[in-house]
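Proteins come first, then strands; the chains are lettered A, B, ... in the order of their sequence lines, and each starts at number 1. Since we're looking at a predicted model, the values are computed, not measured.
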Amino acid sequence: MIGDNKFSIQHKEIEQVNCLYLRGYLDAHTAPVLESAINDIIGKGQNKILVNFGELDYISSAGLGVFMAFIEDVRDSGGDIKLADMKPKVFSVFDLLGFPVLFDIDKEEKISMEKFRKGDTSIKYIIKK
Amino acid sequence: MIRNKDKILNKEDLICAICDFSELHKIRNFIFSKALVFGFDENEANKITLAVDEACTNLIKHSFNFDKSKEFCVTVEPTSMKFIVKILDKGTPFNPLDVSETNMNEYFKDYRKGGLGIQIMRSVMDEITYNPSGIDNNENILTLTRYVIK
């Protein structure tokens, strides 16, 4: 946990999937950076987003809130935000509030990529209203 | 700013921060270190740290409206069976317990936004109490307690 307030995102487009590689600490201070990155992707009319948490060391509710802010619109447009490669301490925050019920969280990025390839976006994760 | 902070306890058990989100990591490092020294494992220390981060985030937002000229303090008061964290401030009272508990199934079903910090605090901590400033005290005090054995 000991760390600073640094956070960065690397963005790659792989097979029409927008991959965001998060690094550092995602809290109320840094969440706007992630919000802006996802906004940019959606603004370009793209809706397949894969977020790789491999280098992320911390997430608070401000980070969770960013995913909640976009998931409905992304899925309504036929896309998805898939989450992958979380360290156990980061997954435990998602798990604490039950986020795996709503979000597709994979152990490895390649699993998420394979789902996008197969066209498995959001159908099984939609909670019926 | 917190007038009686030196009376409360050793300065090693207290940290003060400016009301700015960029200060949150200092609070996190402080709480995590204290929780480890107290005897929690890393997993538990991470959860307690998260709960305190959420409380401070709410404080900066709701009690101080992001006013960077103000500050607040966080103390740790460990006892044999309890790890007690107090957050002291002189901002507008904001009692997180006034926010009703969230049914997470409903939350996800409705794709709601916000309010997750308080839910995290409730999930992680065993006791949460809030004493707004008044005649007897000139500070708001949010107390977050985690027992040794949950």
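The candidate with the highest count of non-hydrogen atom pairs below 4.5 Å against chain A, out of B:Met104, B:Lys47, B:Lys61, is B:Met104. Ranked by non-hydrogen atom pairs under 4.5 Å with chain A, the options B:Gly114, B:Ser22, B:Gly117 are led by B:Ser22.
Rounding to the nearest 0.5 Å gives a distance of 10.5 Å between CD1 of A:Ile71 and NZ of B:Lys113. Taking CG of A:Leu64 as the start and CD of B:Gln119 as the end, the distance is 12.0 Å to the nearest 0.5 Å. The distance from atom NZ of A:Lys89 to atom CG of B:Asn46, rounded to the nearest 0.5 Å, is 6.0 Å. The CG atom of A:Asp27 sits 11.5 Å away from the SG atom of B:Cys56 when rounded to the nearest 0.5 Å. Separation of atoms OG (A:Ser60) and CZ (B:Arg28) is listed at 7.0 Å; rounding is to 0.5 Å.
The two residues A:Gly65 and B:Leu116 come nearest to each other via the heavy atoms N-CD1, 4.3 Å. Across B:Phe21 and A:His29, no two heavy atoms sit closer than the pair O-CB, 3.5 Å.
Grouping the Ile, Leu, Val, Met, Phe, Trp and Tyr side chains by contacts below 4.5 angstrom, directly or via other members, places A:Ile14 with A:Leu50. Both B:Met125 and B:Leu97 are members of a single hydrophobic cluster when ILVMFWY side chains are connected at heavy-atom separations under 4.5 Å. The cluster map of Ile, Leu, Val, Met, Phe, Trp and Tyr, joined by side-chain heavy atoms under 4.5 Å apart, puts A:Ile111 and A:Leu22 in different clusters. Linking Ile, Leu, Val, Met, Phe, Trp and Tyr residues whenever their side-chain heavy atoms come within less than 4.5 Å leaves B:Val52 and B:Ile18 in two separate clusters. If you chain together hydrophobic residues whose side chains sit under 4.5 Å apart, B:Phe66 and B:Phe72 fall into the same group.
Counting heavy atoms from C-beta on, the side chains of B:Asp53 and A:Tyr58 come closer than 4.5 Å. Counting only heavy atoms from C-beta outward, the side chains of A:Glu72 and B:Arg112 never approach each other to under 4.5 Å. Under the 4.5 Å side-chain criterion, counting only non-hydrogen atoms from C-beta, A:Arg75 is in contact with B:Tyr111. Side-chain contact between B:Leu50 and A:Leu96: present, with at least one pair of heavy atoms (C-beta onward) separated by less than 4.5 Å. Taking 4.5 Å as the limit, every side-chain heavy atom of B:Glu23 sits out of range of all side-chain heavy atoms of A:Asn5.
Within a 6.0 Å radius of CD in A:Gln16, other residues, nucleotides and ligands contribute 12 heavy atoms or fewer. Atom NZ of A:Lys87 is surrounded by more than 12 heavy atoms from other residues, nucleotides or ligands within 6.0 Å.
Only the side chain of B:Glu54 comes within less than 4.5 Å of a heavy atom in chain A; its backbone stays farther off. Looking at B:Thr57, the atoms closer than 4.5 Å to chain A (heavy atoms on both sides) all sit in the side chain, from C-beta outward.
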